[in-house]
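Here's the structure, in structure tokens; my notes come after.
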Amino acid sequence: MARFDINNIPDNEEDIDFTDIEERYQLSFEEGFDNIVVVDNIPLVDETKEEKLIQFLRKIFKNVGEIRDKHFTMPKAVNEKGKLMSKGFMFIEFENAEQATLAVKLIDGFKMDKSHTLAVNRFTDVEKYSAVEEDFHAPAEEEFIEKEHLKSWLADEMGRDQMVIYRHNDVQVLWNMQKEQPQIAHNKPHWTETYVQWSPLGSYLTTFHTQGVALWGGESWKKIIRFVHPGVKLIDYSPNERYLVTWSNEPIVVPEENNDGPFGPEDEGNQIVIWDVKSGALLRTFPSLAPQAPSGRSTVSWPVFKWSPSERYFARVTPGSQISVYEAPSMGLLNKKSIKIDGVVDFEWAPISGADKSGKVKDDMLAYWTPEVDNQPARVTLLNIPTQDIVRTKNLFNVNDCKLHWQNQGDFLCVKVDRHTKNKKVTYSNLEIFRVREKDIPVEVVEVKESILAFAWEPKGERFAVITTSDPNFTSATPGSTTLKTSASFYYLDKGKGKDTLQSFKVIKSLTGKSCNTIFWSPKGRNVVLATLRSQTVWDLEFYDLDFEPLESAAAKVPTGGEKDPAAYLQLLSSGEHYGVTDIEWDPSGRFVATSASVWRHTMENGYQIWDFKGQMLYKENLEKFKQLVWRPRPKTLLSKDQIKNIRKNLREYSTRFEEQDMESSSLVSSAERQRRRALLQEWADWRKRVESDLASDRAAAGQQVAAAPADDEEAEEVDEWIEEVIDEKEEIVA
């Protein structure tokens, strides 16, 4: 501390230097003021309206915490007219720093009216930023570290697809090798604790752990990022992988002390968390609206939040009352309120942007349905978002249940309606098909007259398949232990002739006497697998081609007018069986199908099989404690329509090249197999020679006669074995 000569004290206090005292006893603005916020952009009022303004602000901040009158401080000054007025900002003191933080998070940017948007900041932040030096000092430049490409697997020269297999405690990422054993791309024991899941575009592999989830990717499969959410059970990505939604059956608990986690007091008790995948930032948490099951345990319908294809909105339904649509990335309610819909049961977003009444593409669109209440019929409604304009409605009568099925390009919406007769003793189904791209969105009714077990649109097409049953044992659409007698039918859109001809969906062909209960279309369309899943007695697989080039006998069905009979092009390519099959999945190319039997369902012959689209089994492997097989998704192609058209035009040239590569790969495998067999044969010959030598020594030691070895010049008997194999067989009828 500086010493002053009492005889040399300056006459003016401003001339005294107190810097050493200020530095020694300086207080940090972070201490003692962290529970105060500054609210800016409030209206200018005089003393007569001050109380009214405070009451209004108290309502705005009511979700943050209780604020007493003495905790409001509104600075005032005399204006040019000599009137005492507020200065347009105020200070609010909360009980603790957590409430101040919550106030900034929830109220900053709140619109009081058209002219006043509140700006809420922590008092300590204002002081901190006001002390920033006027002279700019450039920060130290960090060394650039190049990251691995998250889509590096797409550069594979052979164009192979990857799959992940979870067996016992081991997780393997494999390359599909068609007829040969898959090649390991990466292997890691104890990589996950429950299961694994790919992101929609295949960029990330998600693993589950007690404290949250981790995302992995790149050529070396390094950890990209992790999200802390204890007890997480379910996740869901937005369509373009920008956001991640996690759910845990354990409500969030925030410790009072040493809180190093991402959650604050406002997240206490919530179960759903939305994250930003790129930055890892927590965007918002939500409570779970899980209904109670008959057993008393809470249940959840996943995904709780459904994303629009543009990722601008996500929504969830509160059954019976409303649909809540939120905006991204702000995570706030659209128009600050939910859409009230009495009795609403469920909704689905259109896969691409919606359309208005003129057919013009506009905004996002969702469809929802409401049941019959009193004298009000059931109703299906198409709604544009964010305008909330109703595009189309359709009333339905005698309805038990509805399921909404969008075609993946958004051209059609099929509503599967389960109906009952007036006496409610007989139930049946029909299909209400909305042609969304046409003017006024016409609706066509397809009568089925049986209970529909399964429905599926052809990807990128105008056809669909249904599985129906009139079996009296039918109780639900969920595959169960009872094998039902079913029928499978394929439908197409008949466009007729001329512009004025009404278009309608007609049956291509109905296949009766089946046991199938599920439909699996190829992601490229055309090919489909009808399967019997999770049955205790039947495990049938049937591979169909809906564009099969007919043989001469089938070509005779084509009318002379040149119109094609769709039934002539529907062909059963192959039938097969996979004992105990529980899951089926096409690879992204539409060339291969994986069927698997998971230990999660049963313990009999667990493992997987790889088939081609024709139904020929290429590879089979039984694995003890096998759990899961999932193909790695591919992003949308970057090729233009003209480039795709050119490739299809020159497909024969590309096919020849790929066939040569396949033959070369097969010959390499065959050569390796021959070498392996020769090594085994040589090993056996060496063993036999060694044993014969030991036996001759033992006999000589025992005084027994040893048979003389045949001389080299003696003729040995040589036996030729001919093996015939039928490569191809063709039968011709000669007139």
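Quick note: residue numbers are just sequence positions, from 1.
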Is it the case that Asp276 and Ser279 place a side-chain donor and acceptor less than 3.5 Å from each other?
yes

Taking all non-hydrogen atoms of both residues, which atom of Phe613 and which atom of Gly590 are closest, and how far apart?
CB-O, 3.9 Å

Between Phe592 and Trp631 (judged by ring centroids, cut-off 6.0 Å), do the two rings come close enough to count as a pair?
no

Name the orientation class of the two ring planes belonging to Phe314 and Trp307 (parallel below 30°, tilted from 30 to 60°, perpendicular beyond 60°).
tilted

When rounded to the nearest 0.5 angstrom, what distance separates OG1 in Thr370 from CD in Gln376?
9.0 Å

CG of Asn176 to CZ of Arg160: how many Å apart, nearest 0.5 Å?
9.0 Å

Give the intermediate values and the outcome of side-chain contact (heavy atoms from CB on, under 4.5 Å) for residues Tyr237 and Leu201.
CA-CA 10 Å; Tyr237 285 89; Leu201 304 181; over 6 Å; no

Heavy-atom distance under 4.5 Å between the side chains of Ile452 and Lys403, does that happen here?
no

Judged by atom type as modelled, is there a donor-acceptor pair below 3.5 Å linking the side chain of Lys306 to the main-chain atoms of Phe347?
yes

Test Asp587 against Ser589 for side chain to side chain donor-acceptor pair (under 3.5 Å), laying out the working first.
CA-CA 6 Å; Asp587 82 323; Ser589 71; 2.6 Å; yes

Listed by chain and number, what are the salt bridge (Lys or Arg N to Asp or Glu O under 4.0 Å) partners of Glu462, not counting sequence neighbours?
Lys495

Using 0.5 Å steps for rounding, measure from the CD atom of Gln643 to the OG1 atom of Thr637.
8.0 Å

Report yes or no: do Ser338 and Ser324 form a side-chain donor-acceptor pair below 3.5 Å?
yes

Ring-plane angle category for Tyr491 and Phe464, please: parallel below 30°, perpendicular beyond 60°, tilted otherwise.
parallel

Using the benzene-type ring in the case of Trp, are the ring centres of Tyr569 and Tyr492 under 6.0 Å apart?
no

Is there a side-chain contact (heavy atoms from CB on, under 4.5 Å) between Trp369 and Asp401 once you walk through the steps?
CA-CA 10 Å; Trp369 77 278; Asp401 191 22; 3.4 Å; yes

Parallel, tilted or perpendicular: which one describes the rings of Phe505 and Trp457, with boundaries at 30° and 60°?
perpendicular

Shortest non-hydrogen pair, Ile252 vs Asp267, comes out as CB-O, 3.5 Å

Run the side-chain contact (heavy atoms from CB on, under 4.5 Å) check on Ile339 and Val344 step by step: do they pass?
CA-CA 10 Å; Ile339 305 173; Val344 62; over 6 Å; no

Flag, side chain of Ser308 to backbone of Tyr313, donor-acceptor distance under 3.5 Å:
yes

Shortest non-hydrogen contact from Trp521 to Ala456?
NE1-O, 3.1 Å

Are side-chain N/O atoms of Asp494 and Ser504 paired as donor and acceptor at under 3.5 Å?
no

If I take atom OH from residue Tyr204 and atom CD1 from residue Ile225, how far apart are they, to the nearest 0.5 angstrom?
8.0 Å

Spatial distance of atom NZ (Lys645) from atom NZ (Lys649) [nearest 0.5 Å]
8.0 Å

Using the side-chain contact (heavy atoms from CB on, under 4.5 Å) rule, take Leu484 and Asn517 through it: C-alpha gap first, then chi angles, then the decisive distance, then the call.
CA-CA 8 Å; Leu484 303 175; Asn517 53 25; over 6 Å; no

Name the orientation class of the two ring planes belonging to His229 and Trp275 (parallel below 30°, tilted from 30 to 60°, perpendicular beyond 60°).
tilted

Heavy-atom closest pair, residues Pro251 and Gly269:
CB-O, 3.6 Å

Verify whether one side chain among Ser510 and Ser487 offers a donor that lies under 3.5 Å from an acceptor in the other.
no

